[in-house]
Every structure is written in C-alpha cells, then in structure tokens.
Student: 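Sharing a structure here in structure tokens format.
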Amino acid sequence: MSAARPFLACACFFSDNVFVGRYGLHVRYRDERQLRRDHGRALRERGCRSDEDFGAVLREVEAEVQRRKQLIHQSVERRAIISQCYKPKHPEVYVLQDSFLAPEFLEIVRYCTSPDAHLDGLLQYTESFSDKRIYRLPVFTEEFCQAFVDELENFEQSDMPKGRPNTMNNYGVLLNELGMDETFITPLREKYLQPITALLYPDLGGACLDSHKAFVVKYSLHEDLDLSSHYDNAEVTLNISLGKDFTEGNLYFGDFRQDPTPVPKYIEIEHVGTQGLLHRGGHIHGALPIASGERWNLIIWMRSSAVRNQLCPMCNKKPDLVEAEGFGDGFTETLEDDMPETVNLCSLW
Ligand SMILES: O=C(O)CCC(=O)C(=O)O
Ligand SMILES: [Fe+2]
C-alpha cells in the first residue's frame with residue numbers, strides 16, 4: 001500500500017513556480033538566459049524595464065531557489081527546537097477533540113459516513129458556489145478559533161524560529177513545525193474531512209487523500225494585505241476562517257488550472273468566521289486586500305498520492321521524484337504492480 005511508503009517531492013520545486021512578488025508573476029528558472037527568454041516579455045509588460053530591474057528579479061529568484069534548497073534541513077531543525085523549547089499557552093488545542101468542531105459539521109460527517117450517503121444528500125448541508133465545486137461548511141466552534149489564534153499569537157511573539165507558510169505568504173505558521181500534524185491535522189483529514197471529500201471530489205482522489213500540508217496564514221495592515229492569484233499544490237484545499245475581526249479580504253476564484261477560458265470570470269466569496277471553504281487545489285484563486293483588522297486562516301492542502309503520482313500539479317509532468325521529509329509533497333514511488341492499464345485512482349470508490 002502506498003501509505004506505508006515514504007512520501008516524496010517533485011524536483012520541479014527547485015525550479016518551477018517561483019513567485020516574483022514585485023511583479024506578481026510566477027516564473028520557471030534554470031538560468032539567466034532561460035529566464036529572459038521565457039519570461040522577459042511578461043516581466044516587461046509588468047514594468048520590469050531596465051537592466052537593474054531585471055537584475056533585481058534575478059537576485060530575488062535565485063534567493064528563492066536557494067531558500068527552497070535549504071528548506072527541508074531548516075524545517076527539521078526548527079521543529080526540533082520548537083518541540084524542546086516552546087511552552088504552549090493552550091496545550092489543549094494541539095489534540096483534536098470533537099468539542100472543537102461545530103455541531104453542524106459533526107452532523108455533516110455523520111451523514112457522509114452513513115451507508116446511504118450520496119452527493120445530492122450532502123449538498124443539502126453545504127452552500128455551493130455556482131458550478132465551480134466550491135463549498136462552504138461550518139467547521140470549528142468560536143471558542144476553539146479564539147483559543148487557537150491566541151496560541152498562534154503566543155507562538156508568534158515567542159523567540160522560536162519561524163518558517164514561512166509557503167512561497168507566497170510571508171506571515172503565518174507551519175503547523176507541522178508546531179507538532180500538530182499527528183495529533184490534529186491527520187485525524188481531522190482522515191476521520192472527518194475524507195468522508196466529505198470522497199463525495200465531493202471522487203475524481204480528484206477525494207476518497208484517498210493520504211497526506212497534507214497545513215499552515216495558518218495571517219494578513220494585517222502592516223504585514224501581508226492580500227494574496228496574488230495562484231493554484232495550490234493540492235488536490236483539494238480546505239480554507240477555514242479563524243477570525244479575527246477584519247473587513248474586505250474576500251477570496252476570489254477564476255478558472256480551473258487545466259481548463260482555462262480566454263477571459264476568465266472571477267467570482268468573489270466572503271469568508272465567514274469559523275467556517276471553511278472547500279475547493280479544488282487546481283482552481284485559480286487569491287485573496288483581496290483586507291481594509292482593517294487581522295485575517296487568520298487555517299489552510300489544509302490535501303493530497304492524493306494516487307492522483308499526483310501520475311502528474312505533478314505544479315509542473316504538469318510525470319513527477320521527477322526526490323527524497324523529502326515527512327509528507328514531502330505527497331508523492332510516493334509507484335511500483336510496477338500498482339499500475340493497471342487504466343489508472344485506478346483509489347480503490348475506495
Ligand atoms: O488567504 C486566503 O484565504 C487564501 C490562502 C491561500 O489560498 C493559500 O494559502 O493557498
Ligand atoms: Fe491557495
């Protein structure tokens with residue numbers, strides 16, 4: 001079974017999807033000539049005109065590639081330091097309990113795990129947005145969200161080493177470094193979320209989401225205000241609003257990555273405290289700037305090795321597998337025996 005195998009990453013992490021913040025553009029980077037050839041025009045169109053401008057982009061991209069190369073090692077070190085030295089303010093929030101979850105969410109999970117559960121039945125419990133396969137559902141209680149954000153602020157104010165949540169968000173917390181994967185996020189994914197995603201996204205491996213990357217992102221007026229358009233390194237994403245109070249900062253969604261239209265139509269969706277939005281990871285989206293307050297979200301990028309082993313969602317090629325720590329990027333080695341003529345996404349459905 002794939003679950004027993006170590007999780008791996010795709011080598012494209014060290015060259016593809018490098019975000020150039022100042023021009024809001026994702027680029028691929030092998031060397032300077034290739035960067036000019038592949039992205040020179042798009043960069044010029046966004047205002048990168050002089051040699052100095054281009055030099056600054058080159059330095060930013062090279063620094064990001066270097067950061068990625070050191071990432072695994074540094075993350076392991078941070079995790080060790082945090083587990084030895086950090087004193088949680090709310091130790092109880094590290095271990096998932098039913099009491100953290102909204103009664104309506106537990107009701108949805110009960111429905112999805114019942115023998116006759118079906119998609120139309122589930123849709124009675126959730127709010128769906130147009131035909132985009134985006135769903136809103138209650139997840140946590142207010143009390144849990146408050147205690148969790150208070151805990152994260154305590155961590156933020158501590159002198160513990162902190163990593164960036166992903167290549168685009170600068171502020172937030174990587175939950176595996178806080179030691180929350182085993183006791184919180186994995187049980188949440190396996191026991192509560194998977195019955196739901198199995199009905200909503202069977203074609204994306206929703207019944208066999210076997211790993212994740214979970215982090216909290218934070219926006220405030222003097223930190224990140226918004227998030228540029230992107231797609232996630234995930235088959236299915238859950239984005240839960242933890243508060244605090246904020247105005248504006250809606251999410252927007254455009255096309256599905258593999259299905260772009262010439263003029264994408266965007267829809268805006270408001271984030272409601274304690275509630276989650278489920279969407280396909282490959283759905284292009286971003287967050288509009290907040291106008292006041294602080295916006296904290298728990299993001300869970302859920303991955304299915306059965307799906308991504310066929311095609312890496314970040315480079316759109318057969319993954320070039322490289323070793324990784326923990327869940328890596330959710331790939332596993334595919335053995336000859338696993339490969340029927342047609343891809344058996346997952347034996348559970
Ligand atoms: O801030 C948000 O609500 C969106 C975050 C997001 O899309 C991401 O981190 O992948
Ligand atoms: Fe995202």
Side-chain angles (χ1 to χ4, degrees), residues 13 16-19 21 24-26 71 127 129 132-137 139-140 145 148-149 152 162-177 180 185 189 193 197 201 204 209 211-221 223-258 264 266-303 308 313-314 327 329-330:
F13 181 63
D16 288 31
N17 289 295
V18 177
F19 185 60
L25 187 70
H26 282 95
L71 207 71
E127 201 178 333
F129 294 92
K132 290 179 179 271
R133 302 179 73 190
I134 303 167
Y135 306 96
R136 174 151 53 211
L137 68 172
V139 181
F140 291 129
C145 290
F148 189 33
V149 171
L152 296 168
K162 291 154 203 123
R164 273 170 58 181
N166 57 50
T167 59
M168 293 176 76
N169 287 96
N170 294 303
Y171 300 93
V173 183
L174 283 158
L175 295 183
N176 68 323
E177 294 185 6
M180 285 188 87
I185 306 292
R189 167 172 53 81
L193 297 172
T197 55
Y201 307 104
L204 297 173
L209 295 169
S211 72
H212 63 259
K213 171 172 168 155
F215 49 93
V216 170
V217 288
K218 177 194 175 191
Y219 305 80
S220 75
L221 292 189
E223 295 171 310
D224 287 339
L225 280 179
D226 57 10
L227 185 64
S228 297
S229 183
H230 67 284
Y231 52 87
D232 300 338
N233 187 351
E235 276 64 66
V236 177
T237 297
L238 177 63
N239 175 341
I240 308 163
S241 173
L242 302 170
K244 299 178 168 184
D245 286 334
F246 60 91
T247 54
E248 306 290 334
N250 282 348
L251 277 153
Y252 60 89
F253 289 87
D255 289 333
F256 188 55
R257 179 174 63 90
Q258 278 148 333
Y266 285 92
I267 59 165
E268 253 184 64
I269 300 184
E270 198 184 326
H271 227 351
V272 180
T274 73
Q275 305 213 357
L277 288 165
L278 267 172
H279 64 84
R280 294 169 293 172
H283 201 149
I284 293 171
H285 61 282
L288 294 170
I290 57 164
S292 67
E294 282 181 22
R295 179 179 181 277
W296 293 71
N297 301 328
L298 167 58
I299 313 285
I300 310 179
W301 286 354
M302 294 182 277
R303 292 151 172 183
R308 61 183 40 226
M314 302 313 279
F327 285 135
D329 277 336

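Counting starts at 1 for both ligands and their atoms, in listed order. Numbering starts at 1 and runs along the sequence shown. Just so you know, these numbers use all the heavy atoms, side chains as well, and skip hydrogens, waters and symmetry mates.
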Student: Counting each atom of ligand 1 from 1 as listed, which ones have a heavy atom of Arg295 under 4.0 Å away?
Tutor: 1 (O), 2 (C), 3 (O)
Student: Restricting to N, O or S, what is the name of the atom of Asp232 that lies nearest the Fe ion (ligand 2)?
Tutor: OD1
Student: Atoms of ligand 1 less than 4.0 Å from Leu251 heavy atoms?
Tutor: 2 (C), 3 (O), 4 (C)
Student: Check whether the ring centres of Phe246 and Trp296 lie less than 6.0 Å apart, and answer yes or no.
Tutor: no
Student: Give the atoms of ligand 1, by number and element, whose distance to some non-hydrogen atom of Leu227 is under 4.0 Å.
Tutor: 4 (C), 5 (C), 6 (C), 7 (O), 8 (C)
Student: For atom 7 (O) of ligand 1, which candidate among Lys213, His285, His279 provides the closest heavy atom?
Tutor: His285
Student: Just jot down the ligand 1 atoms closer than 4.0 angstrom to any heavy atom of Asn169, in number order.
Tutor: 9 (O)
Student: If you consider just the N/O/S atoms, which atom of His285 is the closest one to the Fe ion (ligand 2)?
Tutor: NE2
Student: Within a distance under 4.0 Å of any heavy atom of Asn239, pick out the atoms of ligand 1 and give their elements.
Tutor: 2 (C), 3 (O), 4 (C)
Student: Which of the numbered atoms in ligand 1 are below 4.0 angstrom from a heavy atom of Asp232?
Tutor: 10 (O)
Student: Would you call the rings of Phe19 and His26 parallel, tilted or perpendicular if under 30° counts as parallel and over 60° as perpendicular?
Tutor: tilted
Student: Are any of the N/O atoms on Tyr219, whether in the backbone or the side chain, positioned under 3.5 angstrom from an N/O atom of ligand 1?
Tutor: yes
Student: Kindly indicate whether a cation-pi arrangement holds for Arg303 with Phe327, taking the cut-offs as under 6.0 Å to the six-membered ring centre and within 45° of the axis.
Tutor: no
Student: In ligand 1, which numbered atoms sit nearer than 4.0 Å to a non-hydrogen atom of Trp301?
Tutor: 10 (O)
Student: Suppose I only count heavy atoms of Phe215 and a 4.0 Å limit; which atoms of ligand 1 are within that range?
Tutor: 9 (O)
